[in-house]
J.: 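Here it is: the structure, laid out below.
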Amino acid sequence: MNRTRIGIVAALLAMAQGGAQAGEVYAGIGFPGAMLGFAQPLDSRFTVRADVATLGSRRENFTEEGIRYRGKSRIARTGLFADWFPFGGSFRGSVGVTFNDHKIDLSATGSGGTLTIGDTTYVTTADDRFDVRVKFPSTTPYLGVGWGHQQAERGLRFAADLGVSIGRAKVSTRVSGALAGQVSQQDIDRETAELREGVGHVRVMPQATVAIGYSF
């Protein structure tokens, strides 16, 4: 999480704590990962929140469109939210914005064998690579529903969220090594299009989390 985003969250939370209502510190788990945040009720109907969440980085190998990849993924985000409690209870609707660090890096190496890119099978050297990056937009709107974070007395609290950050993942590809001079642009474009219909065919990033907090 970069320092600019952390600074924005810290400033907003400092302003919110100047309000008359008791604030709430909370920790959660789910997707997109482990979460830590602060909620500040403004009155019985509205709350503002900020939190950070991450699944960290992980590595795995898999096959996509007939090519064997080594993959590395990272899921992390900062969120700023406004909650509305239309019925005066714990149920709420939420809108906001998320600042995302969601990406998948895939790498297929030639290793002296063959790679099929597009409609053509190419003989490779050990230095040849076909790299793919799938990246979710860095800033996206958020819509969701949830339970909790409303105005309340001091003590332990429970909360849950179900929502989506809305934005389409982008796919980029790169060929390196001697293979770069052999692969036709038509094959690269075809392979990229096939990837967009597979791992790149993502239009929303979901959130499903539960949390425990303390209001003070």
J.: In this structure, would M35 and I75 fall into the same cluster of hydrophobic residues linked by side-chain contacts under 4.5 Å?
T.: no
J.: Keeping to residues at least two apart or across chains, list the salt bridge (charged side-chain N to carboxylate O under 4.0 Å, His left out) pairs with something in residues 23-39.
T.: E24-R157
J.: For I104 versus S73, what's the shortest heavy-atom pair and its separation?
T.: CG1-CB, 4.1 Å
J.: May I ask you to decide if F85's main-chain N or O and R45's side chain share a donor-acceptor pair within less than 3.5 Å?
T.: yes
J.: What is the distance from atom CG of D187 to atom OG1 of T116, rounded to the nearest 0.5 Å?
T.: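 So the gap between those two atoms works out to 9.5 Å.
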J.: Do V52 and Y26 share a hydrophobic cluster, counting only Ile, Leu, Val, Met, Phe, Trp and Tyr and linking them when any side-chain heavy atoms are less than 4.5 Å apart?
T.: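 No.
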J.: Kindly assign one of parallel, tilted or perpendicular to the pair Y142 and F81, based on the angle between their ring planes and the thresholds 30° and 60°.
T.: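 The arrangement is perpendicular - the two ring planes meet at more than 60°.
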J.: Please check if the number of heavy atoms outside E153 that lie under 6.0 Å from its CD is greater than 12.
T.: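 No, because the 6.0 Å sphere around CD of E153 holds 12 heavy atoms or fewer from other groups.
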J.: Do any pairs count as a salt bridge (charged side-chain N to carboxylate O under 4.0 Å, His left out) and have a residue in residues 130-151, sequence neighbours left out, and if so which ones?
T.: D105-R133, R129-D131, D131-R174
J.: Do L42 and F87 sit in the same hydrophobic cluster, where Ile, Leu, Val, Met, Phe, Trp and Tyr count as joined when their side-chain heavy atoms come under 4.5 Å apart?
T.: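 Hydrophobic grouping puts L42 apart from F87.
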J.: Is the closest side-chain donor-acceptor distance between T140 and N100 under 3.5 Å?
T.: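 Indeed, the side chains of T140 and N100 share at least one donor-acceptor pair under 3.5 Å.
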J.: Can you see whether S44 engages Q151 through a side-chain donor-acceptor pair at a distance of less than 3.5 angstrom?
T.: no
J.: What is the distance from atom OG of S94 to atom CH2 of W84, rounded to the nearest 0.5 Å?
T.: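 That separation rounds to 11.5 Å.
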J.: Kindly compute the distance separating CD (E191) from OG1 (T120), expressed to the nearest 0.5 Å.
T.: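 Result: 10.5 Å between the selected atoms.
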J.: Could you tell me which non-hydrogen atom of V123 sits nearest to which non-hydrogen atom of Q182, and how far apart they are?
T.: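 Taking V123 first and Q182 second, the nearest heavy atoms are O-OE1, 3.8 Å.
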J.: Does any N or O in the side chain of D128 come within less than 3.5 Å of the main-chain N or O of T125, such that one atom is a donor and the other an acceptor?
T.: yes
J.: Is M205 reachable from V210 through a run of hydrophobic residues whose side-chain heavy atoms are each under 4.5 Å from the next?
T.: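 Per the 4.5 Å side-chain linkage, V210 and M205 are not co-clustered.
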J.: Mind checking the CG-CD spacing from D83 to Q40? Nearest 0.5 Å is all I need.
T.: 12.0 Å
J.: Tell me whether the count of non-hydrogen atoms from other residues, nucleotides or ligands lying under 6.0 Å of CD1 in I212 goes above 12.
T.: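 No, CD1 of I212 has 12 or fewer neighbouring heavy atoms, counting only those of other groups under 6.0 Å.
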J.: Would you please test T192 and T173 for side-chain hydrogen bond (donor to acceptor under 3.5 Å, both in side chains) and show each step?
T.: CA-CA 7 Å; T192 302; T173 58; 2.9 Å; yes
J.: For the atom pair CD1 (I117) and CG (L179), what is the distance rounded to the nearest 0.5 Å?
T.: 5.0 Å
